[in-house]
Amino acid sequence: MSEPTIARRLERRIIVMTRDTEMLDKLQACIEPPWELVPVTDLEDLGAWNEVLLYRFLLLDLDEVEVFDPLDVIRMLRMEYQINLPVFCFGGDEDIQDEMRLSRADRFFTREEMVQRLPEFLRQYDW
C-alpha cells in the first residue's frame, strides 16, 4: 500500500453523499478552490479506508434511502473503517436522525441549514 504524500493530506476535499442535483448545485456554489466536493453514493467508490481518511468531512443526505442506506454508511465509516471523520447529516425525519445519532453521526441540519452552515465548516476545516 502506498502512503499518501503530504500534498494529498493537505487537499481540501469533502465527500457529499447525495444524488440530488439541486442540492449539489447549492453546495457547490459555496465552494471555491482549493476546496473540492466529491459526490458519491457509495463510500467504496472512494477507495480503501486510508483514501476515505484523506477527506476533511462527509455531508450525508438522509433522504436518499432509495440510493443508499445512511445507517450502513455511518456503520461502515465508524465500525468497519474505524474512522472518526466528521459526518454532517441533512434532511431526513426524526426517526432516522435518532438512529444516526446512536450510530455516532455528528451533526444534523435541514437542507437549507446545511447550505448556510457549509461556509462555516470550510473555515473550521481549512487547516
Side-chain angles (χ1 to χ4, degrees):
M1 168 186 345
S2 65
E3 294 195 24
T5 63
I6 292 173
R8 291 245 4 253
R9 290 180 187 194
L10 293 176
E11 291 174 345
R12 293 180 182 107
R13 296 182 304 162
I14 305 163
I15 304 166
V16 182
M17 293 194 72
T18 188
R19 67 174 182 179
D20 179 345
T21 56
E22 183 179 333
M23 185 64 174
L24 282 170
D25 289 344
K26 288 179 181 180
L27 294 169
Q28 187 62 54
C30 299
I31 303 290
E32 293 182 13
W35 284 96
E36 177 186 356
L37 285 179
V38 179
V40 295
T41 55
D42 187 344
L43 272 183
E44 292 179 348
D45 290 346
L46 300 171
W49 68 271
N50 56 322
E51 291 296 318
V52 175
L53 192 56
L54 295 174
Y55 291 83
R56 302 288 173 102
F57 52 90
L58 166 67
L59 304 179
L60 184 59
D61 188 345
L62 299 182
D63 292 323
E64 290 284 8
V65 294
E66 288 152 17
V67 181
F68 56 83
D69 183 349
L71 287 167
D72 285 346
V73 171
I74 193 74
R75 287 180 187 136
M76 176 182 273
L77 191 66
R78 299 293 194 240
M79 297 168 114
E80 185 177 330
Y81 291 174
Q82 297 186 357
I83 296 175
N84 198 24
L85 186 75
V87 177
F88 303 127
C89 301
F90 58 93
D93 61 22
E94 193 173 315
D95 289 338
I96 187 68
Q97 290 177 5
D98 287 344
E99 289 184 59
M100 293 295 289
R101 270 186 198 89
L102 292 172
S103 296
R104 300 188 342 245
D106 295 294
R107 307 275 304 273
F108 300 87
F109 304 97
T110 66
R111 300 178 96 65
E112 287 308 311
E113 285 175 327
M114 186 72 262
V115 173
Q116 292 169 359
R117 298 290 298 269
L118 184 55
E120 174 186 336
F121 297 138
L122 296 176
R123 284 189 299 277
Q124 280 183 294
Y125 291 91
D126 193 28
W127 35 266

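It should be emphasised that the depicted structure is a prediction, and the values quoted were computed from it without experimental measurement. Computed from heavy atoms alone, side chains included, the values below leave out hydrogens, waters and symmetry copies.
Ring geometry for F121 versus F57: interplanar angle over 60°, hence perpendicular rather than tilted (30 to 60°).
Side-chain N or O atoms of R78 include one that pairs as donor or acceptor with a backbone N or O of L85 at under 3.5 Å. At distances below 3.5 Å, at least one donor-acceptor pair connects side-chain atoms of Q97 with backbone N or O atoms of G91. In terms of modelled atom types and a separation under 3.5 Å, the side chain of D72 and the main chain of R75 share no donor-acceptor contact. D106 places a side-chain N or O within 3.5 Å of a backbone atom of V87 that can act as its donor or acceptor partner.
With a 4.5 Å cut-off on side-chain heavy atoms, W49 and Q82 do not count as touching. L58 has its side chain out of reach of I14: every pair of non-hydrogen atoms, C-beta onward, lies at least 4.5 Å apart. With contacts defined as side-chain heavy-atom distances shorter than 4.5 Å, the pair R117/F88 does not qualify. No side-chain heavy atom of E36 sits under 4.5 Å from any side-chain heavy atom of E11.
The residues R19 and D42 are annotated as not salt-bridged, no charged nitrogen and carboxylate oxygen being separated by less than 4.0 angstrom.
Residue I96 comes nearest to D93 through the heavy atom pair N-OD1, 3.0 Å, listed as atom of the first residue, atom of the second, then distance. Heavy-atom minimum distance, G92 versus L62: CA-CB, 3.7 Å. Across all their heavy atoms, L24 and P39 have their closest contact at CD2-CB, 3.9 Å.
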Go through it in stages, so that I can follow the logic: the residues are D126 and W35, the test is side chain to side chain contact (heavy atoms under 4.5 Å, CB included), and I'd like the CA-CA distance, side-chain angles, deciding distance and then a yes or no. CA-CA 9 Å; D126 193 28; W35 284 96; 3.9 Å; yes
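Hydrophobic cluster membership is shared by V67 and M100, with clusters built from Ile, Leu, Val, Met, Phe, Trp and Tyr side chains linked at under 4.5 angstrom. Residue M17 is not grouped with residue M79 when hydrophobic side chains (ILVMFWY) are merged at heavy-atom distances under 4.5 angstrom, including chains of intermediate members.
The cationic group of R13 lies under 6.0 Å from the six-membered ring centre of Y55 and within 45° of the ring axis, placing it in a cation-pi geometry.
The side chain to side chain donor-acceptor pair (under 3.5 Å) search around E112 returns K26, not counting sequence neighbours.
Looking at L60, D63, V40, D61 one by one, the single match for side-chain contact (heavy atoms from CB on, under 4.5 Å) with T18 turns out to be D61.
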